[in-house]
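Computed from a predicted model, the values in this text were never measured in an experiment.
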Protein chains: 2
Amino acid sequence: MSQSRPRIVPEATVARLAVYLRVLAGLADGGRSHVSSGELASAAGVNPAGLRKDLSYLGPCGVRGVGYSISGLRERLTEALGGERSRPCVLVGIGRLGSALADYTGFASRGFQFVGLLDSDPRTVGTEVGGVPVRPVEELEAVVADTQASIGVITTPAEVAQSVCDRLVTAGVRSILNFAPVALTVPAGVDVRKVDLSVELQVLAFLDQQRDGSPPVVASMRTGVSGGAR
Amino acid sequence: MSQSRPRIVPEATVARLAVYLRVLAGLADGGRSHVSSGELASAAGVNPAGLRKDLSYLGPCGVRGVGYSISGLRERLTEALGGERSRPCVLVGIGRLGSALADYTGFASRGFQFVGLLDSDPRTVGTEVGGVPVRPVEELEAVVADTQASIGVITTPAEVAQSVCDRLVTAGVRSILNFAPVALTVPAGVDVRKVDLSVELQVLAFLDQQRDGSPPVVASMRTGVSGGAR
DNA sequence: AACCGCTTGTGAACGCCTGAACAAAGTCGC
DNA sequence: GCGACTTTGTTCAGGCGTTCACAAGCGGTT
């Protein structure tokens with residue numbers, strides 16, 4: 001009966017909202033107070049009409065004839081994306097990629113804090129990354145319980161990713177970011193996003209080859225590439 | 001050889017083909033000779049019908065009533081995705097993320113070799129990552145020319161990403177993988193793929209909040225008409 | 001106070017991708 | 001050799017996301 005979510009926001013839109021928020025952060029330093037949809041869209045690399053539609057999912061955000069209040073829109077977007085409160089995350093698999101992520105300043109500045117680092121290698125356990133000690137993977141459940149982490153990041157080898165995932169879910173984690181090159185199976189109610197770096201490179205290789213082989217066209221849409229100057 | 005592929009392949013399909021190829025590599029160790037579309041799809045985490053459709057873009061690949069020859073399909077996919085030949089890549093921005101990528105074994109095993117590492121920090125220049133020396137970013141054009149690299153990976157701070165991108169394109173790089181949180185502008189004929197780690201986490205945070213049913217969003221905004229009946 | 005230009009918000013068409021049902025084809029068993 | 005089962009390849013419909021185009025609304029100006 002009570003729909004706490006009257007508007008459904010497409011996932012693709014959510015991803016772009018995060019981009020808009022970051023662009024706004026850069027624009028706020030310029031001392032301006034308002035931006036138009038065209039300008040924001042250009043900076044974010046998307047279509048102006050699409051940007052307006054994305055923002056409209058949050059309700060009316062702008063003022064006609066003027067544009068969007070930078071500070072107001074930032075507040076609105078921040079709120080919509082989960083607020084500014086710190087979100088505890090656990091990271092499993094402290095290899096090279098895991099270490100880099102644990103130290104990545106781009107996360108901390110957005111409220112994502114890695115409060116738990118776990119690894120199975122005794123040589124890695126006990127070291128510190130970004131000021132947080134690495135603990136043995138056996139303590140996964142305890143760490144999740146202690147930190148109340150709701151987001152888990154998996155950077156383990158592919159062979160153990162599914163078992164790590166299962167343990168995270170059992171421990172209460174309901175959002176998982178997976179860097180391991182496997183398709184994780186999770187029960188309903190758990191969200192998984194996958195980042196596959198090898199696939200990204202291989203798509204580029206394919207486009208490269210196709211360009212050299214056949215002349216003009218692929219069925220591709222512009223992804224993150226702005227069409228040009230206004 | 002038989003370059004009879006005037007058919008256009010959707011980009012989403014290309015990404016999945018790369019996944020199928022990896023799954024097949026794991027299956028080949030099992031000693032089997034054939035797989036069905038259902039089994040492959042299950043391992044890849046996709047719909048069986050969609051998988052068959054994806055493969056059909058390459059022409060008939062399987063045998064009805066039997067399935068797909070594992071070795072034959074691997075060959076076909078490898079060919080379609082750009083062959084097995086080593087692809088030289090340059091990586092600009094040897095920070096924590098860049099170092100991790102340069103050392104990532106998942107790339108080398110698929111034929112992607114980082115033959116050029118570039119950074120602007122004098123303290124980083126001269127060190128070695130994965131056996132490759134880091135050179136000053138001023139030598140970018142020379143490195144691209146020497147190595148004939150066709151793929152560039154950008155892991156620099158956002159502020160310099162566009163200028164690095166411009167220099168890569170001018171030097172002849174036509175495929176770019178961008179980890180910097182900005183929308184790069186490139187001329188036609190250059191492909192860019194963007195990986196935005198912060199966005200991935202923020203989407204998870206949004207889904208998390210939405211699932212918990214937190215009521216922060218539209219409460220303060222009253223448009224006068226509840227329930228957007230259109 | 002009214003006009004005018006500018007910008008948002010939204011309705012509608014277009015195209016792409018996904019998921020399911022059907023026909024073709026090849027193999028195994030008898 | 002023939003039938004039936006299995007599995008692919010394809011066709012069809014549905015949903016989703018994107019893009020275009022226009023009306024509504026607000027501020028500034030006269």
**Asked** What nucleotide, of D:dA21, D:dG9, C:dG26, holds the atom closest to the side chain of B:Arg52?
**Response** D:dG9

**Item:** Nearest-neighbour nucleotide for the A:Pro10 side chain, C:dT7, C:dC17, D:dG17 considered
**Value:** D:dG17

**Complete:** Closest to the side chain of B:Ser37, out of D:dA21, D:dT10, D:dT8, is D:dT8

**Asked** Ion pair present between A:Glu200 and B:Lys194, side-chain N to carboxylate O less than 4.0 angstrom?
**Response** no

**Message:** Looking only at side-chain N and O atoms, does A:Gln113 offer a donor or acceptor that is under 3.5 Å from a partner on A:Ser86?
**Reply:** yes

Side chains of residues 8-19 of chain A: which donor-acceptor pairs under 3.5 Å do they make with residues two or more places apart or in other chains?
unit_1, atom_1, unit_2, atom_2, d
A:Glu11, OE2, A:Arg193, NH1, 2.7
A:Thr13, OG1, A:Arg16, NH2, 3.4
A:Thr13, OG1, A:Asp54, OD1, 2.9
A:Arg16, NE, A:Asp54, OD2, 2.7
A:Arg16, NH2, A:Asp54, OD1, 3.3

**Prompt:** Is the base of D:dT7 touched by the side chain of B:Arg64 through a donor-acceptor pair closer than 3.5 angstrom?
**Reply:** no

**Asked** Under a 4.0 Å heavy-atom cut-off, which of residues 65-74 of chain B touch DNA chain D?
**Response** B:Gly65, B:Val66, B:Gly67, B:Tyr68

**Prompt:** With nearest nucleotides of DNA chain C determined for B:Val63 and B:Arg16 from heavy-atom distances, which residue corresponds to the more 5′ nucleotide?
**Reply:** B:Arg16

**Message:** Heavy-atom count check: over 12 atoms from other residues, nucleotides or ligands less than 6.0 Å from B:Arg22 CZ?
**Reply:** yes

**Message:** Side chain of A:Asn47 only, heavy atoms from C-beta on: which candidate in C:dT8, D:dC20, C:dC17 is closest?
**Reply:** D:dC20

Side-chain donor-acceptor pairs under 3.5 Å in residues 168-184 of chain B, sequence neighbours left out?
unit_1, atom_1, unit_2, atom_2, d
B:Thr170, OG1, B:Asp166, O, 2.8
B:Arg174, NH2, A:Asp212, OD1, 2.9
B:Ser175, OG, A:Asp208, OD1, 3.1
B:Asn178, OD1, B:Ala180, N, 2.8
B:Asn178, ND2, B:Ala180, O, 3.2
B:Asn178, ND2, B:Val182, O, 3.1

